[in-house]
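Note that this is a predicted model, so its numbers are computed, not measured.
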Amino acid sequence: RSPERQERQTAFDMLLARCRNRVCNFGAGVGKHLGVAGEIGHASGDRQTRAARLLRRTEDVIVSGRPHSFVVVGGGYTGLEAATALAWRIRRRVPPDRRGNFAVRIVELAPRILGRLPDRFALPAARAAVRLGVEISTGARIGAVSPDAIEIDGRRGGDFTLVWSAGVAAEAFAGRIDSPRDRQGRLLVGPDLRLPGRKNVYALGDCAAFADGKEVLRMAVQFSRGEGEAAARNILRQVRGEDSLPFRPRDLGWLIPVASWRAWGEVLGLPVGGRLGALFHYAMCVHRTHRLADRIGIAGDLLRALFRGAP
């Protein structure tokens, strides 16, 4: 660090580590170009800011009328959601005879998008994206990227917006804590959310790797909230000299939303899809949102979607 920003050591009785995740570019060298176009991550606050910036960018592109490509790198949950949202906005804002000027393309290295999900969820979600006009390129690679051109599988294209959604990892802050981590850089924690061998250090949220049985919990808002409550209880119990209690996660489920008002996934262990899935998606968003104003906003989005219809 520079002399003006020397690190300071601070004594503590209890330490609770919590941080958001960061977008990974896996050494592809495109990070410096994301500010030119757009960047979609999974952390809610940053994601809202980036989504607003991408929305403004999309409006500017549509108004200009020039041929333009939106390249979404990564065919996971966030990549599919971003690509279909872009395609849906183009469909609503651009007359049919001019839509050919704009392209939305998902670029995925794996053999198919949503590769970790069963076919019964991944395939209908991919078909819904194609119906919206999204082009899906699998087994594809990103080459050289500059402010005015991008190379995909050896072919160069210009006038593009790059949306990077090819995975996330814990913030570098977590790596500065001397404790075992998983491949995403998340700190391994025990049943009570404490670091191994550290009785007074807790970790939660996207920087904590909590194993529920054989699997590590995915990064999700519902788990972060539960971990926060559990860690707070255990800290109070520790102060009172009581034994800590194990964290018991509640998994309501997960859904992959597509902008045509459809979603696929599981709710309470049961498969759902189509418009019923979208309804559950909105209901889960309301459930995990604290602020009343945000809940009203989500309900407003639902009503607008119901009244305007979907393709």
Going by side chain to side chain donor-acceptor pair (under 3.5 Å), name the residues that satisfy it together with D119, two or more places apart in sequence or in a different chain. R112
Going by atom types only, do S244 and R194 share a side-chain donor-acceptor pair under 3.5 Å? yes
Determine whether V286 and F280 fall in the same hydrophobic cluster, where Ile, Leu, Val, Met, Phe, Trp and Tyr are linked whenever their side-chain heavy atoms lie under 4.5 Å apart. no
Hey, quick one: are V258 and L117 part of the same hydrophobic cluster, counting side-chain heavy atoms closer than 4.5 Å, chains of contacts allowed? yes
Please list every donor-acceptor pair under 3.5 Å in which a side-chain atom of residues 226-235 meets a protein atom from a residue at least two apart or in another chain.
unit_1, atom_1, unit_2, atom_2, d
E227, OE1, G205, N, 2.7
N234, OD1, L245, N, 2.8
N234, ND2, D192, O, 3.3
N234, ND2, L245, O, 2.9

Do F12 and N200 have side chains that get closer than 4.5 Å, going by heavy atoms? yes
Minimum heavy-atom separation for I113 and A122, please, with both atom names. O-CB, 4.3 Å
Identify the two heavy atoms, one from A203 and one from L187, that lie closest to each other, and give their separation to 0.1 Å. CB-CD1, 4.1 Å
Working for side chain to side chain contact (heavy atoms under 4.5 Å, CB included), residues I177 and L195: CA-CA 10 Å; I177 298 177; L195 271 56; 3.8 Å; yes
Common cluster, W88/L255, ILVMFWY with side-chain heavy-atom separation under 4.5 Å: no
At what distance, to the nearest 0.5 angstrom, does CG of L188 lie from CG of D182? 6.0 Å
Tell me, please, which residues at least two apart from A220 pass side chain to side chain contact (heavy atoms under 4.5 Å, CB included). R218, Q222, F223
Where at least one partner belongs to residues 192-218, residue pairs that pass ring-ring contact (aromatic ring centres under 6.0 Å, His included), sequence neighbours excluded: F210-F247
Polar side chain donor-acceptor pair, R89 to T58, under 3.5 angstrom: no
Compare all side-chain heavy atoms of Y282 with those of P257 and state whether any distance is below 4.5 angstrom. no
Pairwise distance CG(L204) to CZ(R186) - rounded to 0.5 angstrom: 12.0 Å
Using a 4.5 Å cut-off on heavy atoms from C-beta on, say whether the side chain of R198 contacts that of L15. no
Apply side chain to side chain contact (heavy atoms under 4.5 Å, CB included) to R181 and S179, showing your working. CA-CA 6 Å; R181 298 182 296 277; S179 190; 5.9 Å; no
To check you understand the geometry: which heavy-atom pair defines the closest contact between D159 and H68, and what is its length? OD1-ND1, 2.8 Å
The test is side chain to side chain contact (heavy atoms under 4.5 Å, CB included); show your working for W264 and R262 and say whether it passes. CA-CA 7 Å; W264 285 266; R262 291 166 176 82; 3.7 Å; yes
Around atom CG of D13, are there more than 12 heavy atoms from other residues, nucleotides or ligands closer than 6.0 Å? no
Closest approach of S165 to G79 (non-hydrogen atoms, all atoms of both residues): OG-CA, 3.2 Å
Salt bridge or not between E108 and R141? Use side-chain N to carboxylate O under 4.0 Å. no
Assess the side chains of S69 and R105: does a donor N or O sit below 3.5 Å from an acceptor N or O? no
Determine whether V130 and V163 fall in the same hydrophobic cluster, where Ile, Leu, Val, Met, Phe, Trp and Tyr are linked whenever their side-chain heavy atoms lie under 4.5 Å apart. yes
Any chain of hydrophobic side-chain contacts (each under 4.5 Å) joining V94 to V61? yes
In terms of heavy-atom contacts, M14 and V239 come closest through CE-CG2, 4.3 Å
To the nearest 0.5 angstrom, please state how far the OG atom of S64 sits from the CD atom of E59. 11.0 Å
Count the heavy atoms belonging to other residues, nucleotides or ligands that lie under 6.0 Å from CZ of R120, then report whether that count exceeds 12. yes
Quick check for you: to the nearest 0.5 Å, what is the distance between R18 atom CZ and L193 atom CG? 14.0 Å
How would you list, by chain and number, every residue that makes a salt bridge (charged side-chain N to carboxylate O under 4.0 Å, His left out) with R240, sequence neighbours excluded? E242
Closer than 3.5 angstrom, by distance alone: can the side chain of S146 be matched with the main-chain N or O of A149 as a donor-acceptor pair? yes
What heavy-atom pair brings A87 and V134 nearest, and what distance separates the two atoms? CB-CG2, 3.7 Å
Taking ring-ring contact (aromatic ring centres under 6.0 Å, His included) as the cut-off, I'd like each qualifying pair that reaches into residues 100-148, sequence neighbours left out, listed once. F121-W254
Rounded distance (nearest 0.5 Å) linking atom CZ of R98 with atom CD1 of I62: 8.5 Å
Is there side-chain contact between S224 and D206, with heavy atoms separated by less than 4.5 Å? yes
Within the 4.5 Å heavy-atom criterion, are V267 and L252 side-chain neighbours or not? no
To the nearest 0.5 Å, atom CD1 of I256 lies from atom CD of E266 at 10.0 Å
Run the side chain to side chain contact (heavy atoms under 4.5 Å, CB included) check on F160 and V145 step by step: do they pass? CA-CA 11 Å; F160 71 99; V145 181; 4.3 Å; yes
